[in-house]
Structure formats: C-alpha cells, structure tokens
S.K.: 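Here you go, one structure.
The chains referred to below are lettered A, B, ... by the order of the sequence lines, with proteins before strands, and numbering in each begins at 1.
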Amino acid sequence: MIDVELRETIAAGIKRAQRHGDLPSFDVPADIPVEHPRQVDMGDYATPVCMQLARYARMAPVAIAAALVRYMKLPEYIAEATVAHPGFINFRLSERWLAEQVNAILSAGESLGQLDLGEGTRVQVEYVSANPTGPLHMGSARNAVLGDSLAAVLQSAGYDVQREYYVNDAGSRMQVFYQTAYARYAQAFGRDFPVPEDGYHGAYMVDLGQQLADQLGDALLALDPGEATPRVGALALESVIAQARDDLAAMGVHYDCWFSEASLYADGQFDAIMSLLRQGGYLDVHDGAVWFTATQLGGSKDEVIVRSDGSPGYFASDIAYHYNKFVERRFDRVIDVWGADHQGHVPRMNHMMEALGLDPSRLTLVLYQLVTLKRGGEIVRLSKRTGDMITLREVIDEVGPDAMRYFLLSRSADSQMEFDLDLAVAQSDENPVYYIQYAHARLSSILRHAIELSDSEADVSLLTHPAELTLIRRMIQLPEIIQLAAEQLAPHHLAYYAYELASDVHAFYRDCRVVSSDPADRAVGSARIRLVRACQAVLRRVLEIMGMTAPDTM
RNA sequence: GCCCCGGUAGCUCAGAUGGAUAGAGCAACUGCCUUCUAAGCAGUGGGUCCCGGGUUCGAGUCCUGGCCGGGGCACCA
C-alpha cells in the first residue's frame, strides 16, 4: 500500500542524505508517520517526521525536509514532494497515475478491496449469542450489525473468518424459560398453571404457548409437569432459535455455526477443562462450591465455577467454550462481541486464557455501549422479563434493514447511542442511507443511458477534471479504510467512507456530463463511463461489507 | 468505594501511531431542475474540543486530579 511504500521511500531518503553528509548521523526511526494532510490542496500524503527528527539532527525541521526532498527517490505515482511549514513534506499523486487506477479497479473484479493482512489466519467472530428465551431485542441489533460487519471486514482483509452464534441452552435461566413455556402451553388448553414468579411474563410467551399447543396437542397434559416440561421446552427452544435465525436473516446476518452450550457438557469438554484447571492448581473448593482462583493470576476475586448445588455456572461454560474454540477447533484468534454490561468479565476471561495455557492476546473482546431506545420522546426499557420491550424484528420492519444497519454501524462501538425510532422513521427520506444508495442508483442511471456507448476503447488519461480526480482519489482509499477498520476492529469507518464516496459521486454527477449527443464529447464520455463503472464497483463493495444493498433505481 | 466507556457546533456523531486553519449529517437561512434521477448541488451562520494541572517543538488525542452521563463490581447471564 502507498503509505507503506512512502515510509520506505522516506527512510531510504534519510539514509542517502546521511551518506552524502547532508544530514548528520542518527538512527532512522522505526515507525515513520505517514498521514493524509488536512486539506487536499496540500497534497495526498504527508509526513511530519522532520519535526521529530529535529532534535536528533539538531537542524530546523524545514531544513531536514528540504534535504530529504533532494534525496528521496520518489515512486512513479508520486508527482512531487514539497516542503511546507513548519516541517511537513507533502506528497502529491500523479494525475496520470490516478486516472490509470480506474483500469486497475475494474480489472480487480471480485478481488476489489481484498487485502492479505490476515494471511489466512483462522479467526472466529462470535456475536449476538443472546439467551434463547424470547425474541431478539434492539440491544442485540447493534451486536449483530457490529459482529457481522466486523466479520466481513476481516474477510476482506484476508482472514479466514467463521461466524458463530453461541446458543446459551444450558443455563439456569433456561429451566425457568422451559417452565414458563410449559405454563403457557397448559394455559392454552384452559389449565390454570402458573408462570413462575421469576419467569418470562411477556406476551410473546402466550403466543408461543399457543403455538406449542397447536404443534403438540394436549397429549402432554396427561403427563406429570416435571416430565412434560423438558419436552415442551425443547420445542419452545427450537422455535425461539428459528425465530432468531429469521430475524437476523431479515437484516442480512447469517452464520456459519450455531454452537450449543449444552453440547459442551455432553461432549466431555467441561470435564476436560476441569481436570486441566485442577492440574494447573487453579481450582479451590470452599463453601460447597468449586472456585476458579483468579486471584493468583492477579484477579480481584475468585470466581465460582460449580455452584454449591452441583450445577455449573455460566463461567464454567465460558471456559469450556473457549477451550473448545482454541484447542478443539484450533482458531488462531477469537473475537467475541459483547455488550458493555458484560465488561466486568473481561479480566476473568484473560485469566481463564492464562490458566488454560493460551496466549490471552488471541482472544479479543469487542465491547459496544448499550443502545437507548426512544419512542414518543420516552426511553423504552429493554427487559425481557417484564415483557415490555422493542424487538429487533419490529424495528427492521419499521426502518428497513439497510437503514438499521447503517445507523447502528455508523457510530463507534465505544459511544453509547440513542436510537430514536420516531426520528429514524420520520427522516427516512433525508437519511444518509438513501444519500449513499442514491449515488449508486445515479451511476446506474448513467450506464442505462450510455448503453449504446462503448468504453472498450476508453482512454482514461482523459480523466483530468477536478471532480473526476477527487472521485478517483476517494476510490483508491478503499484498501486503507478496510485496513483501518480491520486493525481497529472498528467498522464504523466504512460508513463514513461510504458517505464521502457518495458525496464525491454527487459532485462528479453535477460537474461532469457523461452521456452526450455531441460527437466531440465521445472520447471523454467513454472514459467517464469507465470511471462510472469502476466507481460503482467500489461503492458496491463498501455497501457489501456493511451488509447493505446497492439499488440500481430508487 | 473500585473498574470500564463516553463528554467535540442547537441536536446526533467522526476525528488513524500526538502534527498544518478541529470536520460531517440533521436543524436554521440563501440560491439552483428545458439536457445522464432535485432522495441532488452550491453557499451562509454556528466551537472555552467538560474543567484544572502536566509531558512535548506541537495535545481534541498522552499522563494526572476533579465534574457530569452510562455501564459494571452475585453460587444471574
């Protein structure tokens, strides 16, 4: 990539200047900063390195910059390097080279935006993984969008990515869920069977009870509730998972694997990690429970693994699950996407990795701040147990999957966000989603009108208009945006990039006529058609990574 | 009390390993459709980057002490 090559160019320039005695001897910095200047008219790339070197060289930054400019051997795509106060070197891309990139983008085809940073590293992204005790709510929406886009970004960056949903089908809450399901099932036949005090009182459970009644008939009512509950529960679980799958699919979120927590116990993974921890001396028994001694690894307190009633806690599953990910399934790297309400678990997860003899840096926990939902100016609570909640499906149906994904993606995971449903719906015509998609539709429209014009003979060197060059400059940023998003695990950069690209498209549309009846415009028109096609490819690729559609008409 | 995340324009938010005059959308105001889609374009106004100290040639960015908002500190997940 360009910034990497410029770093080398600068480093080589420093050494050459030193050899010729125009710079004093000092170590070339390992990491030479290359950035984009604030203003485009300053140049395409810049380095402030001379200001850092001033103290070692005992020279004025501008003088160092001047020496460097003399000695750097510029790559062919750099038209010029200039010195700017107080010591920047600005690099300007060759316009000829820029125009040529249109062809490069088109010939990239399917591999457009495909990097090899990951070098095929096997990475798993686990996201959503909500308890299967009811419909997904809006909190999970942010998780889904983040995780799915992260997976797409990493794929594009050259990682071998697997997308996974962890089905928490073994926790103690599940028993309560099963009991609730049974109660609603029985009630569907007019039986007066109570929903547990700490059960799930949402209306959806009534519907589910009815559905179960329709599917199972009343045969199970004859059994003892203790016997019937697991059977009703199993079907209820199946139904909830199927619904989650559907709801996520409605947002374009799909998984490679739905992993069952219960299977960890059936397959003996739990027993395996227990003996592993015991051998490592990380287990302690007191107060009737089995503890993981996180304190000996620097933790603030020990953690219960097996409760005094003999049942394993969720942390037991977490350990077995991650053992499974790293040891059984041999992922090089695992990324779990969690809501900020789980942030207290981060230290113990790292301690767990250490105790299992795994490098904690192989596990990354991406935390996102919680979404506050507002409707009618009031904050909507997201508790499943009270039943007063806004479901994921409800919002998708209201604002559409594209808007949903864009809104949730366009803010960094670290910032808590307010999702105003009324606003999202009311402003749907003025929203950035349509701005971006409209840019794509406009390009499609041009191509429809240009159907009789061929770009096979196009001479891209005719692309010299400022609006064309601005657009191309943006287009070639795709790889570095993908790299940035992949390195920071921050897909929101894509949303901003897509918006800026769309903005450049709209400006190009205004300034540069593509289809013309005047024969004199034929050559440039054909070059522009090629630009339009290349630009569409870039726009489509970003939208694809974000999980959004690229409509041809709007 | 301790830990994590925020605090940037009226509102919602960007701001890459510390760099040049801190950006965008929405909202407000002013213009622009006889030619490829006006879901668009051009322009105007709008800032003690929460406050104090520190590091640095240089701080919205790093360190430190406060303030405010959110989340967490269970034999719940």
Side-chain angles (χ1 to χ4, degrees), chain A residues 3 31-39 42 46-49 51-52 54-55 60-61 84-88 90 129-131 133 168 171-174 176 198 287-291 300-301 303-309 311-315 317-318 339-347 367-370 372 407 410-418 420 423 427-439 441-450 480-481 483-484 487-488 490 492-493 495-496 499-500 502-503 505-507 509-517 525 528 532 553-554:
Chain A
D3 55 341
D31 197 22
I32 295 172
V34 171
E35 59 196 29
H36 291 291
R38 196 177 293 284
Q39 312 273 344
M42 295 171 177
T47 180
V49 74
M51 288 175 279
Q52 295 171 3
R55 63 192 311 176
H85 284 278
F88 289 95
N90 291 325
S129 302
N131 286 342
T133 56
N168 295 101
S172 61
R173 290 303 309 171
M174 286 314 291
V176 182
D198 60 344
D287 299 330
V290 181
W291 301 71
S300 56
K301 61 182 178 58
E303 309 288 342
V304 168
I305 296 183
V306 182
R307 303 188 191 98
S308 52
D309 67 0
S311 65
Y314 67 93
F315 188 52
S317 297
D318 278 347
D341 54 337
H342 289 69
Q343 137 274 116
H345 301 207
V346 174
L367 300 173
Y368 61 92
Q369 298 298 311
L370 302 183
T372 310
F407 273 115
S410 61
R411 287 147 170 86
S412 101
D414 281 339
S415 83
Q416 47 190 88
M417 58 177 294
E418 210 166 72
D420 190 323
L423 206 66
Q427 290 190 340
S428 57
D429 280 4
E430 283 289 322
N431 110 29
V433 180
Y434 299 99
Y435 181 86
I436 297 166
Q437 292 182 324
Y438 185 52
R442 269 185 150 178
L443 295 178
S444 289
S445 173
I446 292 174
L447 293 179
R448 278 195 297 276
H449 282 84
E480 62 187 81
I481 296 298
Q483 177 173 8
L484 179 67
E487 284 176 352
Q488 297 189 346
H492 72 274
H493 291 296
Y496 283 86
Y499 192 92
E500 285 160 1
S503 175
V505 167
H506 290 307
Y509 185 90
R510 177 201 61 218
D511 291 340
C512 299
R513 183 82 200 173
V514 177
V515 181
S516 168
S517 51
R528 283 175 176 169
V532 166
T553 59
M554 285 177 72

S.K.: Give none if B:A22 has no partner; otherwise give the nucleotide forming a Watson-Crick or G-U wobble pair with it, both distances under 3.5 Å.
M.R.: none
S.K.: N/O contacts under 3.5 Å, protein versus nucleotides 1-8 of chain B?
M.R.:
unit_1 : atom_1 : unit_2   : atom_2 : d
B:C5   : O2'    : A:Asp414 : O      : 2.4

S.K.: For atom P, what is the distance between B:C32 and B:C50, given to the nearest Å?
M.R.: 40 Å
S.K.: How far, in whole Å, is B:C75 from B:U17 if one measures between their P atoms?
M.R.: 39 Å
S.K.: Could you work out the separation of B:G58 and B:A20 based on their C1' atoms and round it to a whole Å?
M.R.: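 Here B:G58 and B:A20 have their C1' atoms 11 Å from each other.
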S.K.: Please identify which of these residues, A:Met51, A:His85, A:Gln52, meets the side-chain contact (heavy atoms from CB on, under 4.5 Å) condition with A:Pro61.
M.R.: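 Single side-chain contact (heavy atoms from CB on, under 4.5 Å) partner of A:Pro61 among A:Met51, A:His85, A:Gln52: A:Met51.
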S.K.: Side chains of A:Thr133 and A:Asn131 only: does a donor on one sit below 3.5 Å from an acceptor on the other?
M.R.: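 No, no side-chain donor-acceptor contact under 3.5 Å.
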S.K.: With A:His492, which residues qualify under side chain to side chain donor-acceptor pair (under 3.5 Å), at least two apart?
M.R.: none
S.K.: Which base sits across from B:G40 as a Watson-Crick or G-U pair, both distances under 3.5 Å?
M.R.: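 The answer is B:C32, by the H-bond criterion.
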S.K.: When rounded to the nearest Å, what value does the distance between C1' atoms of B:C13 and B:G47 take?
M.R.: 15 Å
S.K.: Pairing check on B:G46: which nucleotide meets the Watson-Crick or G-U wobble criteria with it, both distances under 3.5 Å?
M.R.: none
S.K.: Check for me whether the distance between the ring centres of A:His345 and A:Phe315 falls short of 6.0 Å.
M.R.: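 For A:His345 and A:Phe315, the ring centres are not under 6.0 Å apart.
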S.K.: How should the glycosidic conformation of B:C13 be described, syn or anti, under the criterion that syn lies within 90° of 0?
M.R.: anti
S.K.: With sugar-phosphate meaning primed atoms plus P, OP1 and OP2, does A:Ala289 contact a base, only sugar-phosphate, or nothing at under 4.0 Å between heavy atoms?
M.R.: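 Since a base atom lies under 4.0 Å of A:Ala289, the category is base.
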S.K.: Rounded to the nearest Å, what distance is computed from the CG atom of residue A:Asp341 to the C1' atom of nucleotide B:G72?
M.R.: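 Taking CG of A:Asp341 and C1' of B:G72, I get 8 Å after rounding.
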S.K.: Scan every strand shown for a Watson-Crick or G-U wobble partner of B:A14, both distances under 3.5 Å, and answer none if you come up empty.
M.R.: none
S.K.: Could you check how far CH2 of A:Trp291 sits from P of B:A74, rounded to whole Å?
M.R.: 10 Å
S.K.: Distances for protein N/O vs nucleotides 30-35 of chain B N/O pairs under 3.5 angstrom?
M.R.:
unit_1 : atom_1 : unit_2   : atom_2 : d
B:U35  : O2'    : A:Arg513 : NH2    : 3.2

S.K.: Could you please name the partner base of B:G69, counting Watson-Crick and G-U wobble pairs only when both distances are under 3.5 Å?
M.R.: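 Its partner is B:C5.
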S.K.: If you count heavy atoms of other groups shown closer than 6.0 angstrom to CZ of A:Arg55, is the number above 12?
M.R.: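 Counting other residues, nucleotides and ligands, CZ of A:Arg55 stays at 12 neighbours or fewer.
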S.K.: B:A38 phosphate, OP1 or OP2: any side-chain N/O from A:Tyr434 under 4.0 angstrom?
M.R.: no
S.K.: List for me each residue that meets side chain to side chain contact (heavy atoms under 4.5 Å, CB included) alongside A:Gln488, sequence neighbours excluded, and say none if there are none.
M.R.: A:Leu484, A:Ala490, A:His493
S.K.: Which whole number of Å gives the distance between the P atom of B:U56 and that of B:G18?
M.R.: 16 Å
S.K.: State, with a plain yes or no, whether a side-chain heavy atom of A:Asp198 is found less than 4.5 Å away from one of A:Arg173.
M.R.: yes
S.K.: Among the candidates B:A77, B:G40, B:A38, find the nucleotide nearest to the side-chain atoms of A:Tyr509.
M.R.: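 Selected nucleotide (nearest to the side chain): B:A38.
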S.K.: Is it the case that the base of B:A77 and the side chain of A:His345 share a donor-acceptor contact (distance under 3.5 Å, atom types as modelled)?
M.R.: yes
S.K.: Looking at residues at least two apart in the chain, or sitting in another chain, which of them share a side chain to side chain donor-acceptor pair (under 3.5 Å) with A:Glu418?
M.R.: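 Once residues adjacent in sequence are excluded, A:Glu418 has no partner under the side chain to side chain donor-acceptor pair (under 3.5 Å) criterion.
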S.K.: Using atom P in both nucleotides, what's the gap between B:G72 and B:G54 to the nearest angstrom?
M.R.: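 Taking atom P in both B:G72 and B:G54, they lie 37 Å apart.
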S.K.: Go along nucleotides 15-25 of chain B 5' to 3' and tag each nucleotide: B for a protein heavy atom under 4.0 Å from its base, S when only backbone or sugar atoms are that close, - otherwise.
M.R.: SBB-BB-SSSS
S.K.: Take atom CG of A:Asp309 and atom P of B:C75, then tell me their distance rounded to the nearest Å.
M.R.: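 In whole Å, B:C75 P and A:Asp309 CG are 13 Å from each other.
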